[in-house]
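Sharing a structure here in structure tokens format.
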Amino acid sequence: MKVPVLESIFLNPSPVPQTRDFCRVLVLGGDESARELGERLKREGHEVLILGGKDRSEVSAGIALPPDTVLERVNGFVGGFEALLRSPFGHSTERVGFIVAAQPGENIPKYSDYGLVRSERVMSLSDLEAMLIAGEAPAQPRGEWIHVVFLCGLEGESDPLEFERVFDAIERLRKICLVQPHVFTRHVKVAAPGLERRYRQTREEGTLFFKFDGTGPVFEEGPEGLTMIFHDPVIGFDMEIVPDLLVVDERHLPPASLKPLLDAIPSAAATTPFLQPESTRFSGVRTLKAGILALGPSRGNFCAQGIRGDIEAAVVALKTGVIEEPQSWLPSAPTVDPAKCTTCLTCVRLCPHGAMSFQKRAEADSASCMRCGICAVECPMGAIKLEPVAGEADIPGKIKDGLALAHGTKKLVAFLCSRSAARAMESAGLKIRNNLTPIIVPCAGTVDPDHLLTAFREGADAVLVAGCHTGNCASLYGTILAGERSSRVRLFLEEAGINAKRLVFTTLASNTPGDFVRAVLDLEANIGE
Ligand code: SF4
Ligand code: SF4
């Protein structure tokens, strides 16, 4: 049957370039960070176009800065993006290799949340940072030592980047004055590279952390000034402190002009108001889509010092080509069988990396595809295929070969995400267990319900699916999809009269071999049941 192709499905036409041009860079943002990045990139030999600046004289000759021009849409992929621009003179298209979002965001101090007002002794974290960058120390109203109280995420989730800013501020304060820092928070969330170490170090150097699980502190004017009254949940007493300086955390609003870039990564827009998902897998300036970088507020980093680090990271990334190596054992992006494709666009919508496009047919861009396999499993027509490395079997073949060699009465098959569970297994040394057939997959999202049923059909007594912890998945929701698919197959097993506990889904971190061993032992025990 010939499927009619409607005009309306050309939602995100993404031309694949004949040749990729990695020298032209579009920088979005008119403030100092964007200009500094532009100058640095120019010195590195890039051709730079900055959108958002007002004054041509602010940048050196050779950097294009068209006035009153905004980005309306982005099509294409790394090395061959087509940026549709709008200016008072109409529309135009620029072809660039990379796009860097460097727009300023907005910090809203949470004074009113705590019933506070800005004063000499009450300021926002941004104000303190600006003061410290200018080399000024806080006033010392009561002797040599300054008691500085930081409020950091007292309601809702705390933010690792906010902690990083607080640790930076404490470090700078220590250099210029005698300071006793106190940090009041709900959760100490330090899930970012190096932050756990900095948290320990900050504590060892004398910073006091107070964690609330109920209502936070209240503030009253006392004889010595603003007094903070709180219940210490650890010792169980009501306490009072009169801070010399009270530093209030902030609510961060993303830059207003991120929409065209979020539109180019359909998966991201649903999960984050910023360009970078909140995950330790996306440290630095990477986003989900190859070739689109985010620095500073565009990625949720509002720390002045951190923004300078981001500029360095962006320069290095563009110098080294920035494209993350996809999983090396999958040689190519998936292929689409046009005879099976019904143009439903499921793959375009679901690809976490914005690597799928649709012109006359669905097609994955090889440089942008991270080989997560999500599109291949989710395509309702089974039209998408990921080829294994030449000479290697595909997943069903590996299951069959592994089970044929496995020994013991309890034959196990474990589908393991290469980034987490497979590394945990390597540390545990369980690859040498002769009743376990490990199938290492680029992402848990690659695991198809058919693969699970194939394992049982080929003689597995129990099957384990292990992906990254939710929020750590490099393909955003690969691990979530794997969990949902496992639940569906468990229902199917129950209907077929098979103990559903023979199929277990779990999440693991690469540095938790003990958890992996426990998961395997529990799975074996389930067979006994
Ligand atoms: S999900 Fe499958 S059927 Fe739908 S557009 Fe993509 S390839 Fe075609
Ligand atoms: S394998 Fe993953 S990254 Fe590649 S096109 Fe499919 S969904 Fe996108």
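Counting starts at 1 for both ligands and their atoms, in listed order.
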Q) Among Ser475, Pro442, Cys375, Gly478, which one has a heavy atom closest to atom 7 (S) of ligand 2? A)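 It is Cys375 that holds the nearest heavy atom.
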Q.
Quick check on contacts: which atoms of ligand 1 are under 4.0 angstrom from a heavy atom of Ile384?
A.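 By the 4.0 Å cutoff, the relevant atoms are 7 (S).
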Q. Looking just at side-chain N and O atoms, do His252 and Glu106 make a donor-acceptor pair shorter than 3.5 Å?
A.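 No - no donor-acceptor pair under 3.5 Å links their side chains.
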Q) Of all residues at least two apart in sequence or in a different chain, which pass the side chain to side chain donor-acceptor pair (under 3.5 Å) check with Tyr199? A)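 Side chain to side chain donor-acceptor pair (under 3.5 Å) check on Tyr199 returns Arg203.
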**Q.** atom 2 (Fe) of ligand 2: the protein heavy-atom neighbour that sits closest, reported with distance to 0.1 Å
**A.**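 Atom 2 (Fe) of ligand 2 sits closest to the protein heavy atom Cys372 SG, 2.3 Å.
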Q) Counting no waters, how many protein N/O/S atoms sit under 2.8 Å from atom 4 (Fe) of ligand 1? A)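 With waters ignored, the protein N/O/S count below 2.8 Å is 1.
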Q: Number the atoms of ligand 2 from 1 as they appear, then name those within less than 4.0 Å of a heavy atom of His353, with their elements.
A: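 Contacts of ligand 2 toward His353, numbered from 1: 3 (S).
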Q: Give the residue and atom name of whichever protein heavy atom lies nearest to atom 4 (Fe) of ligand 2, and the separation in Å to one decimal.
A: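 Result: Cys369 SG, 2.3 Å.
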Q. Does the side chain of Glu378 pick up a donor-acceptor pair with the side chain of Thr346 at under 3.5 Å?
A.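 Side chains of Glu378 and Thr346: no pair found under 3.5 Å.
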Q) Between the side chains of Glu524 and Asn435, does any donor sit under 3.5 Å from an acceptor? A)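 Judged by distance alone, the side chains do pair up.
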(Q) Run the salt bridge (charged side-chain N to carboxylate O under 4.0 Å, His left out) test against Arg518 and tell me which residues pass, sequence neighbours left out. (A)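 Arg518 satisfies salt bridge (charged side-chain N to carboxylate O under 4.0 Å, His left out) with Asp515 once adjacent residues are dropped.
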**Q.** Flag, side chain of Arg24 to backbone of Arg95, donor-acceptor distance under 3.5 Å
**A.**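 Side chain of Arg24 to backbone of Arg95: a pair is present.
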Q: State whether Lys259 and Glu72 are salt-bridged, where the test is any N-O pair (Lys NZ or Arg NE/NH1/NH2 against Asp/Glu carboxylate O) under 4.0 Å.
A: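 Between Glu72 and Lys259 there is no salt bridge, as every charged N stays at least 4.0 Å from the carboxylate O atoms.
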**Q.** Atoms in ligand 1 with a heavy atom of Val336 nearer than 4.0 Å
**A.**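 Checking each atom against Val336, I get 7 (S).
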Q.
Would you say Thr479 and His469 are linked by a side-chain donor-acceptor pair, where the criterion is simply a distance under 3.5 Å?
A.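 Short answer, no.
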Q. Does the side chain of Asn301 pick up a donor-acceptor pair with the side chain of Asp310 at under 3.5 Å?
A.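 Indeed, the side chains of Asn301 and Asp310 share at least one donor-acceptor pair under 3.5 Å.
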Q: Name the option, out of Met356, Met370, Glu378, Glu363, that contains the heavy atom nearest to atom 3 (S) of ligand 2.
A: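 Closest candidate by heavy-atom distance is Met370.
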Q: Could you tell me the residue and atom name of the protein heavy atom closest to atom 8 (Fe) of ligand 2, and the distance to it rounded to 0.1 Å?
A: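 Answer for atom 8 (Fe) of ligand 2: Cys351 SG, 2.3 Å.
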(Q) Give me the nearest non-hydrogen protein atom to atom 1 (S) of ligand 2 as residue plus atom name, then the distance to 0.1 Å. (A)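 Answer for atom 1 (S) of ligand 2: Gly373 N, 3.2 Å.
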Q) Ignoring hydrogens and geometry, is there a side-chain-to-backbone donor-acceptor pair from Arg419 to Cys473 under 3.5 Å? A)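 Pair absent, no side-chain N/O of Arg419 close to backbone of Cys473.
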Q.
Suppose we screen for side chain to side chain contact (heavy atoms under 4.5 Å, CB included). Which residues come up paired with Ser510, at least two apart in sequence or across chains?
A.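 Only Arg423 meet the side chain to side chain contact (heavy atoms under 4.5 Å, CB included) criterion with Ser510.
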Q. Taking the non-hydrogen atoms of Ala333, is any one of them nearer than 4.0 angstrom to ligand 2?
A.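 Outside the 4.0 Å threshold, so no.
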